[in-house]
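By convention in this document, chain letters (A, B, ...) are assigned in the order of the sequence lines, proteins followed by strands, and residues within each chain are numbered from 1.
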Number of protein chains: 2
Amino acid sequence: MEQYRLFSDEDRRVLNDLTSKRQRQYGAREDIVREGEHSPDIHIVLTGLACRYKLLENGNRQIMAFLVPGDPCDSEIFILKEMDHSIGTLAPSVICSIPGSTMKDLLLNRPGIALAFWWSTLQDEGILRERIIDEGRRDAYSRIAFLIYEVLLRMRMVGVIDDESFEFPITQADLADATGLTPVHVNRMLQRLREEGLIAVQGKTWTVLNPAGLRKVARFDPNYLHLDRARDEPESEAGKRLRGLI
Amino acid sequence: MEQYRLFSDEDRRVLNDLTSKRQRQYGAREDIVREGEHSPDIHIVLTGLACRYKLLENGNRQIMAFLVPGDPCDSEIFILKEMDHSIGTLAPSVICSIPGSTMKDLLLNRPGIALAFWWSTLQDEGILRERIIDEGRRDAYSRIAFLIYEVLLRMRMVGVIDDESFEFPITQADLADATGLTPVHVNRMLQRLREEGLIAVQGKTWTVLNPAGLRKVARFDPNYLHLDRARDEPESEAGKRLRGLI
DNA sequence: CGACGATTTGACCTACATCAAAAGAAGTGG
DNA sequence: CCACTTCTTTTGATGTAGGTCAAATCGTCG
């Protein structure tokens, strides 16, 4: 979250405090909150990989967003009666939870932290909107390229990687659920991306061999991630490092 | 916004005050804020119809959301350096603006109003997620049915209509931009919806002849709109009226 | 009335889906 | 360490929803 603004020492202390308590280890493919339940807490992914998804009547699953370390899952969700989607892990992950009452307090009484959460929400919305464009107007090949490029960037943003390789413990079927394609077609598009020398996959480790090429195929414009920081805020070190990539 | 929670008299007064100032009349197809600009204010649609959209490199336009009267456009957007999408009217509309500084103040110092804005943001996100499912997993016919049903419901929510007819001054090309289909195909699907006796369109007035039928075709589950109000909040009159429909 | 945008129709084409089966990986237990 | 199951990836053949292109009709507004 510090991507967006520098916290005061006090804010940072409060956040570190909160996230170090109430941690829980999840296995792969476990639900954190389920559609229809009320979620009294909010959750933050600390390590691993999670996603928002929804199961459809016909048994299909649509993954609507990936959640990488540092991502808060719905900072305001506790005010709702029930979840309109589920959140689950894709890989073994550590998730921490913060009680809704504490969140409410933070959002109303700690402007610095509230601002960071707002930024995160806005970024989330941006990502959702971009996915709509993706599905509406990009073909399968660019769509998958886009998704991979976005994950690369987000993993770099939060500092879990430093180069072009990242752990992405996901199956092609998951990717199909996220892109609205069939697993078969995802497979063919991935083959093409590999043939073109854009990416390489060994086991769960994905490597972007040609970031510029992948970005071009994806027609990726990172403005929706709002990496340019808030107005009138000094740039963080992490931000500077990231700028090399985009 | 009162859909979500009842305001105190004081909150209502503040909001009425703010929205009655700084109103501006827009024609059809005018931009309110453009991608790339910084938006120091937030906007609220008072009458008419607006949308969020993005122009793509190839000239295509993707409409990502419709904004009906009462909808705040990005309550927190003023904290960002620049917009990642544009907001424009589809029909002549009255839009009011609230300065970012005032918004910040409201969000931090008026819990009642802040809560209503949070709810609106969460609903927005829900709508975006639903659109992703729509494009990813529903066929063209249900997709259009879904969109129409959602608009009907949202118009009823905010009380601009009382029955199954509503002003929806949109072209089939707009609808194509919103669904990720071609105008030609939108046309054929609309014909089918009319043949099946589900809807009728005369000019800019759309009528849902068979709400239950349309809802079934759309496989519409309204949980993502969170009409069930907040936890532990008494139900509003508007909410009760609406419940008949869903 | 003329003109320009919106809707409609028809013919044809392609990206992706569907179905089915083979070939690899990878985990499990003996 | 090997047989066995089960999940994942890959390949091939075939089908179809929706795209593309082009022209005709319909509305509406100056």
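Taking five base pairs at each end of the helix from C/dC1-D/dG30 to C/dG30-D/dC1, the local helix axes there meet at an angle of 50°, rounded to 10°.
Checked for salt-bridge contact, A/Asp174 and A/Arg61 meet the test: a charged N lies under 4.0 Å from a carboxylate O. Checked for salt-bridge contact, A/Asp162 and A/Arg156 miss the test: no charged N lies under 4.0 Å from a carboxylate O. A salt bridge does not link B/Arg215 with B/Glu150: every distance from a Lys NZ or Arg NE/NH1/NH2 to an Asp or Glu carboxylate oxygen is 4.0 Å or more. At a threshold of 4.0 Å, the pair B/Arg138-B/Glu130 counts as salt-bridged, since one of the basic side-chain nitrogens sits closer than that to a carboxylate oxygen. B/Glu135 has no carboxylate O lying under 4.0 Å from a charged side-chain N of B/Arg143, or vice versa, which leaves the two without a salt bridge.
Toward the 5′ end of DNA chain C lies the nearest nucleotide of B/Thr171, the other residue of the pair A/His185 and B/Thr171 mapping further downstream.
The nearest whole Å value for the distance from the CG atom in A/Asp139 to the P atom in C/dA17 is 12 Å. At whole-Å resolution of the value, CD1 in A/Ile199 and C1' in D/dT9 are 14 Å apart. B/Arg138 has its CZ atom 18 Å from the P atom of D/dA17, to the nearest Å. Rounded to whole Å, atom P of C/dC16 lies 9 Å from atom CD1 of A/Ile144. Here the C1' atom of nucleotide C/dT18 and the CZ atom of B/Arg137 are 13 Å apart, to the nearest Å. If you measure from atom CD of B/Gln191 to atom C1' of D/dT25, you get 13 Å, rounded to the nearest angstrom. Rounded to an integer number of Å, the gap from B/Gln202 CD to C/dT7 P is 14 Å. Note: CG (B/Leu175) to C1' (C/dA6) measures 13 Å, nearest angstrom.
For B/Phe66 and B/Phe168, the distance between ring centers is under 6.0 angstrom.
Of the candidates C/dA20, C/dA11, D/dG18, the closest approach to any side-chain atom of B/Arg188 belongs to C/dA11. Side chain of B/Leu181, nearest nucleotide from C/dC16, D/dT11, D/dG18: D/dG18. Counting only heavy atoms from C-beta on, A/Val184 has its side chain closest to C/dC19 among D/dT9, D/dG18, C/dC19.
Cation-pi geometry between A/Arg219 and A/Phe146 is not met at under 6.0 angstrom from the ring centre and within 45 degrees of the axis.
Taking 4.0 angstrom as the limit, B/Gln172 places a side-chain polar atom (N or O) nearer than this to OP1 or OP2 of C/dT8. Between C/dT7 and B/Asn187, no contact under 4.0 Å exists linking OP1 or OP2 to a side-chain N or O.
B/Arg192 comes within contact range of no nucleotide atom at all, as no heavy-atom separation falls under 4.0 Å. Nucleic acid contact class of B/Leu190 (heavy atoms, under 4.0 Å, all strands): none. Using a 4.0 Å heavy-atom criterion, one finds that B/Thr182 contacts the bases of the nucleic acid, with or without backbone contacts as well. Within 4.0 Å (heavy atoms only), A/Arg194 reaches sugar-phosphate atoms of the nucleic acid but no base atom.
A salt bridge (charged side-chain N to carboxylate O under 4.0 Å, His left out) with A/Arg52 holds for exactly one of A/Asp31, A/Asp177, A/Asp84, A/Asp124; it is A/Asp124.
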